Amino acid sequence: MAKLNVLITDCDHGNVDMEKEVFDEANISFELAKCKTESDVIANGKGYEVFINQYAPITEKVFESLPDLKYVVRYGVGVDNVDVEAATKHGVQIGNVPDYGMNEVADQALAMMLNFTRKINLMNDYVRKGVWDYQKSIPLYRHSEQTVGVIGIGRIGSSFSKKVKALGCKVIGYDPKYLSKESNNLPEYIDEVVTLEDLLKQSDVVSIHCPLDKARNLIGEKELQQMKETAYLINVSRGGIIDEQALNKALTNKWIAGAAVDVAEVEPMDPNAELLKHDNFIITPHMGWYSVQAALELKRKVAEESVRFINGENIHYPINTI
C-alpha cells in the first residue's frame with residue numbers, strides 16, 4: 001500500500017503533474033491543500049511527515065500542533081514564511097531549492113541592466129512619440145569601461161557576474177564571507193571584493209543578489225546617497241532589501257539615474273505607489289525565476305527532496321541542522 005506522507009500545503013502552479021510523476025515512481029501518496037493561514041496548515045496537516053510549501057505560514061504554533069511533521073521543503077529559495085529557529089527547536093528539517101532558476105534570475109538582472117545602460121525603454125518611448133533621434137540617448141557608455149557592483153556572491157550573484165564579465169565590465173563584489181579572504185580565493189568572475197560603501201561609490205550599476213534575512217533595509221538613504229548620480233540600482237532578490245521610501249526619495253532628488261526591481265516590500269505593489277510615478281523606475285512581477293524549464297525543475301526537485309527524506313537519504317538542500 002502506498003505511503004501517505006506528503007502534503008503540498010499550497011501551490012499556485014497550474015498543476016502538480018511533475019510532483020505526481022515523482023511520487024508515483026517512489027510509491028508515495030500525497031495530497032494538495034489550499035492553505036493560506038496558520039490555522040489552515042494546522043487543520044490540514046495532521047498526520048503528515050513532510051510538507052511541500054509555497055506561501056502558507058509555517059510557524060512555531062504549526063510545529064507545536066503537528067508533532068508528526070519532520071520536514072518542510074519550500075518551492076523556491078527563500079524561507080521567509082518559515083520560522084526556521086522554531087523548526088530547529090522542534091526537530092523539524094527545513095529545506096529549499098536554491099539552484100532551479102539561478103540563471104533565469106541572473107538573466108533578469110542582466111536584462112534590466114542592459115535596458116538602462118542602452119536606454120532601451122527611453123528610446124522606445126521617444127520613437128513612439130515621433131522622435132527619431134539617437135542623440136536623446138546621450139550619454140551612453142561602453143560596457144568595457146563600466147564597473148558593475150554585485151551585492152551577494154552566491155549562486156545567482158556569481159551567475160550574473162559571469163554574464164556581465166562577458167560584456168567586458170569590471171566586476172566588484174560585496175559579501176561579508178569573502179572580505180577576510182585572500183585575493184587568490186576570490187570567486188570566479190569577480191575582480192575585487194570591497195566594502196559595501198566602496199562598491200556603492202565605485203559602481204555604474206549595482207545589482208543585489210543576497211537573502212533578505214541578513215539584509216533587510218540594507219540599502220537606505222545613506223547608501224543611495226553614496227551611489228553615483230549616473231548609477232543604476234537593480235534588485236532581483238527580495239523586497240525589503242531596499243527601503244522603498246528611501247528609493248522614492250532618491251529617484252525624486254536624482255541621487256541615482258534609475259532603479260529596476262523584480263520584487264517589492266509588499267507584493268503585488270500597489271498600483272498607486274509613488275515609485276510607479278517615476279519614468280526611470282522599472283518593475284516586473286517577481287518573475288525573474290521563471291522559465292518553462294525552471295518551473296518544471298523546481299517542481300521535480302521539491303518532490304525528489306521529499307522522497308529522499310522519507311527514504312532516509314540525505315537531502316541535497318538543508319537550511320538548518322537537526
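Given the structure is predicted, the values throughout are model-derived calculations rather than measurements. Quick note: residue numbers are just sequence positions, from 1.
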Chi angles and distances behind the side chain to side chain contact (heavy atoms under 4.5 Å, CB included) call for Leu167, Leu114 | CA-CA 10 Å; Leu167 297 174; Leu114 290 173; 3.9 Å; yes

In plain terms, say whether Glu60 and Lys89 are close enough for a salt bridge, that is, a side-chain N and a carboxylate O under 4.0 Å apart.
-> yes

Rounded to the nearest 0.5 angstrom, the OG-NE2 distance for Ser159 and His209 is 9.0 Å

When hydrophobic residues are tied together by side-chain contacts of less than 4.5 Å, even through go-betweens, does Leu122 share a cluster with Ile282?
-> no

Looking only at atom types and distance, does a side-chain atom of Asn253 sit under 3.5 Å from a main-chain N or O of Lys249, one as donor and one as acceptor?
-> yes

Evaluate the side-chain proximity of Val73 to Phe51: yes if any heavy-atom separation is below 4.5 Å, no if none is.
-> no

Closest approach of Lys165 and Tyr189, non-hydrogen atoms and distance?
-> CD-O, 4.1 Å

Taking a hydrophobic cluster as the set of Ile, Leu, Val, Met, Phe, Trp and Tyr residues connected by side-chain heavy atoms closer than 4.5 Å, whether directly or through intermediates, do Ile234 and Ile190 fall within one such cluster?
-> yes

Decide yes or no on salt bridge (charged side-chain N to carboxylate O under 4.0 Å, His left out) for Glu274 and Lys277, but give the supporting numbers first.
-> CA-CA 6 Å; Glu274 290 295 314; Lys277 297 177 182 179; 2.9 Å; yes

Asn115 CG to Met123 CE distance, which is reported to the nearest 0.5 Å | 12.5 Å

Quick check: are there more than 12 heavy atoms from other residues, nucleotides or ligands sitting under 6.0 Å from CD of Gln245?
-> no

Flag if over 12 foreign heavy atoms under 6.0 Å of CG, Asp270 | yes

Side chain of Arg74, backbone of Gln54: donor and acceptor closer than 3.5 Å?
-> yes

Heavy-atom nearest pair, Cys210 first then Gly152, reads CB-CA, 4.2 Å

State plainly whether the residues Glu305 and Arg308 are in salt-bridge range, i.e. N to O under 4.0 Å.
-> yes

Minimum heavy-atom distance between Pro57 and Val62, given as atom pair plus value | O-CG2, 3.9 Å

Does Val77 reach the side chain of Tyr100, with side-chain heavy atoms less than 4.5 Å apart?
-> yes

Does a side chain donor of either Asp262 or Asn235 reach within less than 3.5 Å of an acceptor in the other side chain?
-> no

Linking I/L/V/M/F/W/Y whenever any side-chain heavy atoms sit under 4.5 Å apart, do Ile219 and Met113 land together?
-> yes

Shortest non-hydrogen contact from Pro187 toward Tyr178 | CG-CZ, 3.5 Å

Flag the pair Lys20 and Asp24 as a salt bridge only when some basic side-chain nitrogen lies within less than 4.0 angstrom of an acidic carboxylate oxygen.
-> yes

What do the steps show when you test His286 against Thr284 for side chain to side chain donor-acceptor pair (under 3.5 Å), and what is the final call?
-> CA-CA 6 Å; His286 206 145; Thr284 51; over 6 Å; no

Taking the side chain as C-beta and beyond, is there a heavy-atom pair between Thr9 and Ile52 under 4.5 Å?
-> no

Sort and list the pairs that fulfil salt bridge (Lys or Arg N to Asp or Glu O under 4.0 Å) and have at least one residue in residues 235-247, not counting sequence neighbours.
-> Asp80-Arg238

Examine distances only and state if a side-chain atom of Asn81 and a backbone atom of Ala56 form a donor-acceptor pair shorter than 3.5 Å.
-> yes

Beyond-backbone contact of Val6 with Ser29, side-chain heavy atoms, under 4.5 angstrom = no

Pairwise salt bridge (Lys or Arg N to Asp or Glu O under 4.0 Å) hits with a residue in residues 99-124, at least two apart | Asp99-Lys301, Asp107-Lys163

Let me know which of Val206, Val205, Leu251 forms a side-chain contact (heavy atoms from CB on, under 4.5 Å) with Leu233.
-> Val206

Sequence neighbours excluded, which residues qualify as side chain to side chain contact (heavy atoms under 4.5 Å, CB included) partners of Asn320?
-> Val84, Ala87, Thr88, Gln93, Ile94, Ile322

Residues Lys299, Glu19: salt bridge by 4.0 Å N-O rule = yes

Just distance, no hydrogens or angles: give the donor-acceptor pairs under 3.5 Å from side chains in residues 223-230, sequence neighbours left out.
from	atom 1	to	atom 2	distance (Å)
Glu223	OE1	Gly220	N	2.8
Lys228	NZ	Gln202	O	3.2
Lys228	NZ	Asp204	OD1	3.0

To the nearest 0.5 angstrom, please state how far the CG atom of Leu7 sits from the CG atom of Asp68.
-> 12.5 Å

Where is the tightest heavy-atom contact between Met112 and Val261, given as atom of each residue plus distance?
-> CE-O, 3.3 Å

Work out which heavy atom in Lys70 is nearest to a heavy atom in Pro67; give both atom names and the distance.
-> NZ-O, 3.5 Å

Check: Ile241 and Leu212 side chains under 4.5 Å, non-hydrogen atoms = yes

Tell me, do Leu32 and Cys11 make a side-chain contact under 4.5 Å, heavy atoms counted?
-> yes

Identify whether Val127 and Ile138 are in the same connected component of the hydrophobic contact network (ILVMFWY, side-chain heavy atoms under 4.5 Å).
-> no

Evaluate side chain to side chain contact (heavy atoms under 4.5 Å, CB included) for Val148 paired with Ile172, printing each intermediate quantity in order.
-> CA-CA 6 Å; Val148 175; Ile172 60 177; over 6 Å; no

Enter the distance from Tyr317:OH to Asn96:CG here, rounded to the nearest 0.5 Å.
-> 9.0 Å

Could you tell me whether the side chains of Thr59 and Asp83 share a donor-acceptor contact shorter than 3.5 Å?
-> no

Determine whether Leu140 and Trp132 fall in the same hydrophobic cluster, where Ile, Leu, Val, Met, Phe, Trp and Tyr are linked whenever their side-chain heavy atoms lie under 4.5 Å apart.
-> no

Quick one: which residue pairs count as a ring-ring contact (aromatic ring centres under 6.0 Å, His included) with a foot in residues 55-82, not counting sequence neighbours?
-> His13-Tyr75, Tyr71-Phe309

Is the count of non-hydrogen atoms from other residues, nucleotides or ligands lying under 6.0 Å from Glu313 atom CD greater than 12?
-> yes

Gap separating the CD1 atom of Ile151 from the CG atom of Leu196, nearest 0.5 angstrom | 5.0 Å

Enter the distance from Glu265:CD to Leu247:CG here, rounded to the nearest 0.5 Å.
-> 9.5 Å

How would you list all residue pairs meeting side chain to side chain donor-acceptor pair (under 3.5 Å) that involve residues 134-158, not counting sequence neighbours?
-> Thr117-His143

Quick one: does Lys46's side chain get under 4.5 Å of Leu66's, heavy atoms only?
-> yes

Could you check Val150, Ile153, Asp175 and say which one makes a side-chain contact (heavy atoms from CB on, under 4.5 Å) with Val193?
-> Ile153

Do Val41 and Asn44 come close enough that some side-chain heavy atom pair is under 4.5 Å?
-> no

Test Ser203 against Tyr232 for side chain to side chain contact (heavy atoms under 4.5 Å, CB included), laying out the working first.
-> CA-CA 9 Å; Ser203 298; Tyr232 299 105; over 6 Å; no

Above 12 or not: heavy atoms from other molecules or residues under 6.0 Å from CG of Asp133?
-> yes

Donor-acceptor contact present, side-chain Asn280 to main-chain Ala257, <3.5 Å = yes

Indicate whether any N or O donor in one side chain lies under 3.5 Å from an N or O acceptor in the other, for Asn5 and Glu49.
-> yes

